[in-house]
K.L.:
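So that we are looking at the same thing, I have put the structure below in structure tokens.
All chains are named by letter (A, B, ...) in the order of the sequence lines, taking the proteins before the strands, and each is independently numbered beginning at 1. Given the structure is predicted, the values throughout are model-derived calculations rather than measurements.
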Amino acid sequence: MDKQKLVMVGNGMAGVRTLEELLKLAPDAYDITVFGAEPHANYNRIMLSPVLTGEQTLPEIMLNDVDWYADNGITLHLGKPVVEIDRGRRVVRAADGTAVPYDRLLLATGSNPFILPVPGKDLPGVVTFRDIADVNQMIDAAGCHRHAVVIGGGLLGLEAANGLLARGMDVTVVHLGEWLLDRQLDKTAAQLLQQSLEAKGLKFLLQKQTAELVQGESGRVCAVRFKDGDAVPADLVVMAVGIRPNYTLAEQSGLHCDRGVVVNDSLQTFDPRVYAVGECVSHRGVSYGLVAPLFDMAKVAANHLANFGIARYVPAATSTKLKVTGIDVFSAGDFTGTDGCEQITLSDPMGGVYKKLVVKDDKLVGACLYGDTADGGWYFRLIREGHAVHEIRDQLMLGEGAIGDTGHQGQNRAMGMPDEAEVCGCNGVCKGSIVKAIQEKGLFTVDDVKKHTKAASSCGSCSGLVEQILINCVGGAADVKPKSEKAICGCSDMTHGQLRQAIRDKHLTSLADTFRELAWRSPDGCASCRPAVNYYLISTWPGEAKDDPQSRFINERVHANIQKDGTYSVVPRMWGGVTNPSELRRIADVADKYDIPMVKVTGGQRIDLLGVKKEDLPKVWQELDMPSGHAYGKSLRTVKTCVGSEFCRFGTQDSTQMGIDLEKDLFGMWSPAKVKLAVSGCPRNCAESGIKDVGIIGVDSGWELYIGGNGGIKTEVAEFFCKVKTREEVMEYSGAFLQLYREEAFYLERTVHFLQRVGMDFIKQRVLQDEVGRSELYARLKFALSFEQDPWAERYAKGVASHEFAPLTV
Amino acid sequence: MSEWKAVCQLADIPSQGARVLKREGKVDIAIFRTIDDQLFALHDRCPHKGGPLSQGIVSGRSVACPLHNWHIDLATGQACAPDEGCTGHIALKQEAGTVYLALD
Ligand code: SRM
Ligand SMILES: Cc1cc2nc3c(=O)[nH]c(=O)nc-3n(C[C@H](O)[C@H](O)[C@H](O)COP(=O)(O)OP(=O)(O)OC[C@H]3O[C@@H](n4cnc5c(N)ncnc54)[C@H](O)[C@@H]3O)c2cc1C
Ligand code: SF4
Ligand code: FES
């Protein structure tokens with residue numbers, strides 16, 4: 001059977017990204033032909049700015065060279081603009097006469113720079129800033145002329161002006177508005193920006209309307225004249241006054257257009273065979289001029305071209321960033337703060353810092369940052385996630401980095417970091433190599449940076465920093481979605497939330513069914529989605545879904561911690577951190593008998609036997625004759641306790657017994673990420689309850705419960721949850737909260753991140769206000785736990801999976 | 001010269017899992033079984049820092065090393081891009097449920 005023919009018109013960023021996505025989904029679905037008006041293969045248009053300044057070269061900004069097209073069997077016609085689409089015969093025709101038939105057509109013609117309709121607009125020396133040809137003209141002009149005028153004080157205009165200044169020209173920026181970047185910044189921030197740009201040597205003429213471009217004796221432009229009669233000399237004029245979607249071709253072929261090619265949520269035009277993506281489209285009346293939304297469109301269009309038919313394009317807030325000028329400006333969402341909005345501002349003109357946050361209906365809706373944009377990514381995520389902010393309102397302005405990350409000198413300002421500064425403390429990756437990878441490999445997401453540099457791929461504590469570096473390099477094109485909007489992995493486009501929901505709605509109880517029902521791209525998933533799906537199945541359908549050991553990380557499969565040399569560590573459970581002489585004797589005997597090289601007291605009040613050979617594990621467990629401490633799992637870890645009222649002169653409650661009871665009550669609990677508890681007997685808090693997933697502090701009149709603490713990568717103090725009187729209430733409230741977390745959190749999301757995502761109000765409503773709901777949650781937890789057994793006992797007593805521990809020999 | 005040696009039955013190896021073959025004085029071999037019952041044998045040493053690949057998660061045609069999550073192609077022993085490196089692979093055949101390796 002002949003393959004279907006796909007023709008793409010416009011060889012730019014959105015179109016080629018769509019092809020990349022399509023090839024991932026359905027590599028053999030089409031014979032693909034591409035027409036590009038420019039004589040170049042696909043390059044990173046946003047990097048034209050650093051090319052203009054001289055920081056990068058054209059070969060460095062290529063995203064897909066001609067070999068890429070050849071390798072993927074794509075026929076490429078460069079330098080051939082398409083001039084006609086015959087939708088009746090389904091043929092496109094290029095200016096040179098090349099005609100190619102199609103079954104499906106993809107339009108990705110981008111936009112055209114807007115040219116002011118003033119006399120002289122066609123003179124030599126008048127250019128726009130859109131493609132390689134424009135940049136080459138500007139570079140040539142900078143070599144032999146002196147005066148440049150940039151019309152337009154938006155992002156593009158300022159980047160052009162900065163580039164020409166870097167190339168030694170005398171540059172004046174002319175702007176009609178009252179202040180620069182009037183679509184990105186408010187007046188205060190814009191004035192700060194203007195001052196710093198003036199300090200660098202740029203000149204500005206604001207509220208000036210261009211009337212005419214004057215021709216000089218040589219025939220070239222020589223000046224710009226304004227409506228008020230003033231004039232400035234100009235050997236080069238760059239028009240950067242905006243862009244207009246390029247839909248002429250579509251309109252001529254009879255497709256419905258309205259200031260752009262009109263598309264529906266699946267990016268189909270009014271002709272079902274024709275799709276459109278990128279700046280040329282008008283979606284729900286809006287056109288976009290930034291890469292991030294275009295890449296989202298590419299994903300959706302590819303999904304439909306591959307006949308998967310499930311994706312929808314949903315617009316989301318966008319962010320922008322001024323690149324290359326060395327000045328930090330960032331804005332996201334709606335920061336103008338119109339009706340019903342509250343504004344929080346911080347203004348330090350001397351220090352060169354200005355921040356404005358806009359809150360509406362208890363949600364962050366916009367941010368405008370000048371001078372210190374370190375938290376841009378964080379604000380942007382808050383805006384996109386859109387949950388209540390009143391609990392963190394007093395910290396909003398201080399930013400996410402108010403409590404520094406550990407492991408890289410607490411460094412949290414990407415901009416000021418020198419190239420050789422270490423960003424990722426786990427893998428030893430410095431800023432310079434990250435910047436290089438972003439620029440050379442054309443990366444747009446933190447995940448891509450992880451893959452290519454290994455930065456942020458281990459403990460993840462530097463992902464915020466990596467994100468900032470990414471934003472600094474590629475501006476608003478950085479794809480910094482919150483986890484709630486991201487696809488779970490390359491095997492599916494579903495988010496964690498959608499996946500959890502589908503497992504519940506469709507009553508899915510096995511991995512095989514899940515992958516089939518939800519159209520996974522690979523028959524058995526991958527190492528990142530399988531553990532997540534397995535957890536979702538067993539936590540949603542306890543007793544029904546069967547645990548799949550092959551979808552668990554080795555630690556959870558063999559119930560011990562793998563070490564760098566392939567041996568294991570074993571942590572037996574000591575309820576509440578309490579042990580006795582006979583347990584200690586057994587531990588000593590086992591350590592002797594099996595030559596265990598290290599016995600160590602852990603940070604969680606347990607004893608760790610490190611360096612156990614895998615073959616010895618079943619025997620070690622049997623002879624220890626203690627339950628598994630689950631120190632290896634996304635599960636209940638330890639309940640730390642202090643001495644409490646039994647012995648301590650300050651104790652108000654029996655915290656030790658409370659801890660033992662809780663640990664026994666929750667034994668064997670699998671969870672999205674590890675869960676740690678602590679119980680202290682008085683507010684001196686010797687068990688450090690303030691940094692635990694659930695922390696409990698005994699007071700004279702009862703117990704205080706705190707949730708969402710974390711003492712790890714980023715120290716987070718637990719938030720006060722409630723106060724209760726009795727031991728039974730402590731168990732029920734803690735259990736109900738943990739069950740809510742088990743049912744609603746995303747895989748690998750610890751309680752603190754769950755709390756930040758859904759908000760304290762939601763948790764309080766479900767666990768505190770709703771009494772029936774609370775006891776049902778707790779009952780569901782008990783039901784789930786009723787299926788759990790001590791995995792060590794199961795292994796040595798019943799010989800479960802003994803093949804794991806017995807090597808083959810020849 | 002290497003020759004075919006029977007090492008185990010197909011049923012001895014868990015689906016989407018692996019089994020380790022220990023040899024005196026030589027590097028261990030990991031025998032992998034994919035979801036569609038294809039078998040592959042690699043040296044049980046990750047090209048990154050020597051992690052035991054047999055302990056990793058097997059999906060599709062690759063295994064994720066348990067130490068730092070490199071993905072290794074089961075058929076070739078090559079690390080998947082962007083990582084670089086290769087571990088040795090050993091010829092394997094199945095006959096009537098018995099697994100043979102080309103060992104020397
Ligand atoms: C054994 C122990 C260190 C010690 O000798 O004291 C330990 C050892 C490991 N920790 Fe830990 N952590 C240990 C207490 C802690 C604590 C302190 C505590 O529990 O009170 C913390 C901070 C508290 C917290 O979790 O909020 C801690 C925060 C981490 C983190 C960061 C988690 C985070 O969400 O920020 C990781 C990484 C992870 O889990 O992904 C980690 C991961 C690890 C792993 C499992 C790394 C790995 O995947 O192999 C280490 C295994 C070492 C090995 O060779 O077997 N360990 N780790 C401690 C065991 C406690 C226990 O008795 O069960
Ligand atoms: C200097 C500069 C800096 C930028 N910086 C940023 C930034 O920091 N962040 C950000 O998010 N965005 C930035 N952008 C915007 C970003 O580059 C665009 O949003 C993006 O490239 C649009 O992609 P597209 O595929 O829709 O259009 P394009 O990339 O413009 O591709 C369209 C292509 O179609 C071709 N074409 C048009 N008509 C035809 C035809 N009839 N036949 C054949 N080919 C045709 C055009 O020649 C062009 O090559 C910047 C843009 C510029 C110019
Ligand atoms: S025990 Fe914890 S802190 Fe120590 S090296 Fe391992 S993961 Fe890092
Ligand atoms: S040893 Fe295998 S990934 Fe590091």
K.L.:
Start with the C-alpha distance between B:D83 and A:K451, add both sets of side-chain angles, then the distance that settles salt bridge (Lys or Arg N to Asp or Glu O under 4.0 Å), and finish with yes or no.
P.N.:
CA-CA 8 Å; B:D83 294 317; A:K451 262 191 232 137; over 6 Å; no

K.L.:
Can you measure from OG (A:S528) to NE2 (B:H71) and round to the nearest 0.5 angstrom?
P.N.:
6.5 Å

K.L.:
For B:K49, does the NZ atom have more than 12 heavy-atom neighbours from other residues, nucleotides or ligands under 6.0 Å away?
P.N.:
no

K.L.:
Please flag which part of B:V58 lies under 4.5 Å from any non-hydrogen atom of chain A: side chain, backbone, both or neither.
P.N.:
backbone

K.L.:
Rounded to the nearest 0.5 Å, how far apart are CD1 of B:I57 and CZ of A:R530?
P.N.:
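Answer for the CD1-CZ pair, B:I57 versus A:R530, is 6.0 Å.
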
K.L.:
What part of A:P549 is in contact with chain B, defined as an atom under 4.5 angstrom from a non-hydrogen atom: side chain, backbone, both or neither?
P.N.:
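No part of it gets close to chain B.
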
K.L.:
With only heavy atoms counted, which part of B:L67 is less than 4.5 Å from chain A, the side chain, the backbone, both or neither?
P.N.:
side chain

K.L.:
Using the rule given for side-chain contact (heavy atoms from CB on, under 4.5 Å), can you reason through A:H803 versus B:D12, listing the C-alpha separation, both sets of side-chain angles and the distance that settles it, and then say yes or no?
P.N.:
CA-CA 7 Å; A:H803 65 81; B:D12 293 332; over 6 Å; no

K.L.:
Which heavy atom of A:Q550 sits nearest to which heavy atom of B:P14, and what is that distance?
P.N.:
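Heavy-atom minimum between the residues: OE1-CB, 4.1 Å.
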
K.L.:
Check whether B:R19 reaches the backbone of A:P807 with its side chain - one donor and one acceptor, N or O, closer than 3.5 Å.
P.N.:
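Checked: no pair found.
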
K.L.:
Can you confirm whether A:E615 sits close enough to B:K22 that some side-chain heavy atom of one is under 4.5 Å from a side-chain heavy atom of the other?
P.N.:
yes

K.L.:
In Å, rounded to the nearest 0.5 Å, how long is the span from CD of A:E804 to CD of B:Q55?
P.N.:
6.5 Å

K.L.:
Quick one: pull up OG1 in A:T809 and CD in B:E24 and give me the separation to the nearest 0.5 Å.
P.N.:
10.0 Å

K.L.:
What part of B:I31 is in contact with chain A, defined as an atom under 4.5 angstrom from a non-hydrogen atom: side chain, backbone, both or neither?
P.N.:
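Looking at B:I31, just its side chain touches chain A.
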
K.L.:
Which atoms of B:P52 come close to chain A, meaning under 4.5 Å heavy atom to heavy atom: side chain ones, backbone ones, both, or neither?
P.N.:
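Just its side chain gets close to chain A.
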
K.L.:
Shorter than 4.5 Å, heavy atoms on both sides: which option in B:A6, B:G51, B:G60, B:G50 has the most such pairs with chain A?
P.N.:
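Between B:A6, B:G51, B:G60, B:G50, the count favours B:G60.
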
K.L.:
Minimum heavy-atom separation for A:A527 to B:S59, with atom names?
P.N.:
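Closest approach of A:A527 to B:S59: N-OG, 3.8 Å.
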
K.L.:
Between A:K564, A:Q563, A:K454, A:R552, who has the most heavy-atom pairs with chain B when the cutoff is under 4.5 Å?
P.N.:
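Answer, by heavy-atom pair count under 4.5 Å with chain B: A:K454.
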
K.L.:
Find the distance between NZ (A:K450) and CG (B:N69) and round it off to the nearest 0.5 Å.
P.N.:
10.5 Å

K.L.:
CG of A:D524 to OG of B:S15: how many Å apart, nearest 0.5 Å?
P.N.:
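Between A:D524 CG and B:S15 OG, I get 8.0 Å after rounding to 0.5 Å.
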
K.L.:
Evaluate A:L808 against B:V20 for side-chain contact (heavy atoms from CB on, under 4.5 Å), listing each step before the verdict.
P.N.:
CA-CA 6 Å; A:L808 301 166; B:V20 183; over 6 Å; no

K.L.:
For the interface with chain A, which of B:A64, B:A81, B:P66 has the highest count of heavy-atom pairs at distances below 4.5 Å?
P.N.:
B:P66

K.L.:
Check whether more than 12 heavy atoms from other residues, nucleotides or ligands sit under 6.0 Å from atom CZ of A:R795, and answer yes or no.
P.N.:
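Yes - once you tally the heavy atoms of other residues, nucleotides and ligands closer than 6.0 Å, there are more than 12.
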
